[in-house]
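Reading through the structure tokens given below for one structure.
Just follow the structure's listing: the first ligand is 1, and inside any ligand the first atom is 1.
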Amino acid sequence: MKIKPMNVMLVGGGGREHAILEKLRESPRIDTIYALPGNGGMSEHAICVPISATDIDGIVAFALEKHVDFAVVAPDDPLIQGACDRLRDVGVRCFGPSASAAAIEGSKSFAKDLMKKYGIPTASYAVFDRADEAYAYLAKIPYPTVIKADGPALGKGVFIAQTEEEAKSAVSALMEQGKLGKSGLRVVIEECLTGNEASVLAFTDGSTLVPMVSALDHKRAFDNDMGPNTGGMGALAPNPFYTERAASECMERIFLPTIRAMNAEGRKFKGCLYFGLMLTNDGPKVIEYNCRFGDPETQVVLPLLESDLFEIMLAVEDERLCDVPVRFQTGAACCVVMASQGYPTKYGTGYEIALNDADRLKNVSVYHAGTKVEDGRLLTSGGRVLGVSAVADTPRSAQRAAYDATGRIRFENAFYRTDIGERALKAIENKNA
Ligand code: AMP
Ligand code: GLY
């Protein structure tokens with residue numbers, strides 16, 4: 001029997017969505033892909049539609065108008081706001097959790113309470129709705145400590161305070177000055193964990209959970225992990241710190257217990273569940289959950305996926321993930337994010353980009369994040385502009401290939417870290433020496 005190819009709608013327009021698009025495109029089961037809103041690079045292989053990723057009414061209306069068979073909702077905001085519930089309500093199948101399951105990212109206090117209730121290892125913490133109570137607590141805890149806005153904050157809601165003074169000013173900014181709006185009116189204050197970080201993305205349909213290859217993000221803006229936190233300046237997969245032992249501990253103590261906990265709370269999670277982990281001396285602990293693919297982790301994880309991503313997504317929605325193959329190749333991938341000078345705070349846009357055929361190099365993908373095409377010219381349109389990913393047999397050669405390709409690309413005020421993967425690779429090379 002011949003199955004009719006499907007029309008797919010991909011919600012989002014960053015580097016992560018470009019990487020998802022490139023993988024979906026390989027599936028013989030897809031006819032047309034619409035990207036809402038997409039970006040300059042995605043327009044090559046998808047029909048980009050100027051509907052914002054947070055315009056849920058617009059997204060639902062578009063899906064009905066175009067007879068979309070399947071939707072992939074990638075960013076956190078529409079997921080937290082219930083885009084998948086609304087789509088399923090009108091009969092559009094989709095990849096992504098319900099709003100009630102997306103709360104695992106949308107509310108840090110919900111996530112922390114869940115972990116406490118079900119014994120999932122994480123930093124000890126307290127939650128505050130009143131600034132005076134938060135200040136009183138700050139007077140009696142050890143430092144450093146971590147202050148987090150409860151709600152979504154685009155990576156800007158976490159403060160590591162070395163002293164009580166610093167902690168107080170973070171609490172004041174969030175709770176009294178309302179610097180992050182509603183997201184910061186409730187704060188979580190938690191123990192500062194030490195160790196190496198790892199990001200693990202997992203496909204889950206609520207009963208089966210399949211972790212993808214692990215990744216190492218680089219959140220700080222500048223080399224040697226200096227400067228402000230960003231959405232992520234580069235990534236390496238697999239994560240050299242994430243040993244087989246850590247993987248099996250995570251599966252047993254964190255991944256499966258989380259799925260069971262969400263089911264027990266009546267919040268079955270279907271989609272990609274992201275585990276932000278700290279590999280501490282006491283074993284792996286959860287730093288955060290995200291209800292979606294990570295960015296830039298996706299740009300190193302999906303290039304290593306051998307199986308058909310669309311088949312996996314269909315199986316997640318139909319709750320038969322155990323029946324489809326999810327295989328990764330044995331090599332490694334490295335992604336260098338090229339940003340505009342001044343990111344993550346103030347930066348210019350509209351600079352013309354010369355790719356100089358970097359995107360034609362073998363085993364290299366140039367994923368677009370903040371780009372647009374205007375009068376046939378490729379221009380920057382955001383802070384994070386491109387993610388240059390390379391796949392190779394070893395992490396070191398993937399890193400070199402990613403930097404070779406990055407070095408070809410030119411645009412005014414471009415900046416990128418020159419040490420993506422370096423600390424981890426050195427640690428592993430020293431251990432093996
Ligand atoms: P998040 O937005 O929760 O991922 O936090 C951003 C970054 O802050 C993480 O990637 C960690 O580097 C750091 N961080 C968050 N929570 C903690 C913690 N409890 N201890 C140490 N570092 C943390
Ligand atoms: N790279 C971290 C995130 O996607 O939240």
*asked:* I'd like to know if the side chain of Thr380 and the backbone of Tyr351 have a donor-acceptor N/O pair within less than 3.5 Å.
replied: yes

*If you count the non-hydrogen atoms of other residues, nucleotides and ligands that lie under 6.0 Å from CG in Asp393, is the total more than 12?*
no

*Contact residues of ligand 2 with a heavy-atom cut-off of under 4.0 Å?*
Asp217, Gly231, Tyr274, Asn290, Arg292, Gly294, Asp295, Pro296, Glu297

*Do the charged groups of Lys148 and Glu288 touch, with an N to O distance under 4.0 Å?*
no

Please tabulate protein-ligand N/O pairs under 3.5 Å for ligand 1, atom names and distances to 0.1 Å.
unit_1: ligand 1; atom_1: 4 (O); unit_2: Glu288; atom_2: OE1; d: 3.3
unit_1: ligand 1; atom_1: 4 (O); unit_2: Glu288; atom_2: OE2; d: 2.7
unit_1: ligand 1; atom_1: 10 (O); unit_2: Glu197; atom_2: OE1; d: 2.8
unit_1: ligand 1; atom_1: 10 (O); unit_2: Lys219; atom_2: NZ; d: 3.1
unit_1: ligand 1; atom_1: 12 (O); unit_2: Glu197; atom_2: OE1; d: 3.4
unit_1: ligand 1; atom_1: 12 (O); unit_2: Glu197; atom_2: OE2; d: 2.4
unit_1: ligand 1; atom_1: 16 (N); unit_2: Lys148; atom_2: NZ; d: 3.0
unit_1: ligand 1; atom_1: 19 (N); unit_2: Glu190; atom_2: OE2; d: 2.7
unit_1: ligand 1; atom_1: 19 (N); unit_2: Glu191; atom_2: O; d: 2.9
unit_1: ligand 1; atom_1: 20 (N); unit_2: Leu193; atom_2: N; d: 2.8

*asked:* Parallel, tilted or perpendicular, judged at 30° and 60°: which one describes the rings of Phe275 and Phe255?
replied: tilted

*For the side chain to side chain contact (heavy atoms under 4.5 Å, CB included) test, which of Ile312, Val326, Val316, Asp205 pairs with Val210?*
Val326

*asked:* If you take the centroid of each ring, where Trp contributes its six-membered ring, are Tyr274 and Tyr289 closer together than 6.0 Å?
replied: no

*Salt bridge check: are Glu422 and Arg396 linked by an N-O gap of less than 4.0 Å?*
yes

*Taking 4.0 angstrom as the limit, do Arg417 and Asp225 come out as a salt bridge?*
yes

*asked:* Does this structure show an ion pair linking Lys268 with Glu319, if we count only N-O contacts that are shorter than 4.0 Å?
replied: yes

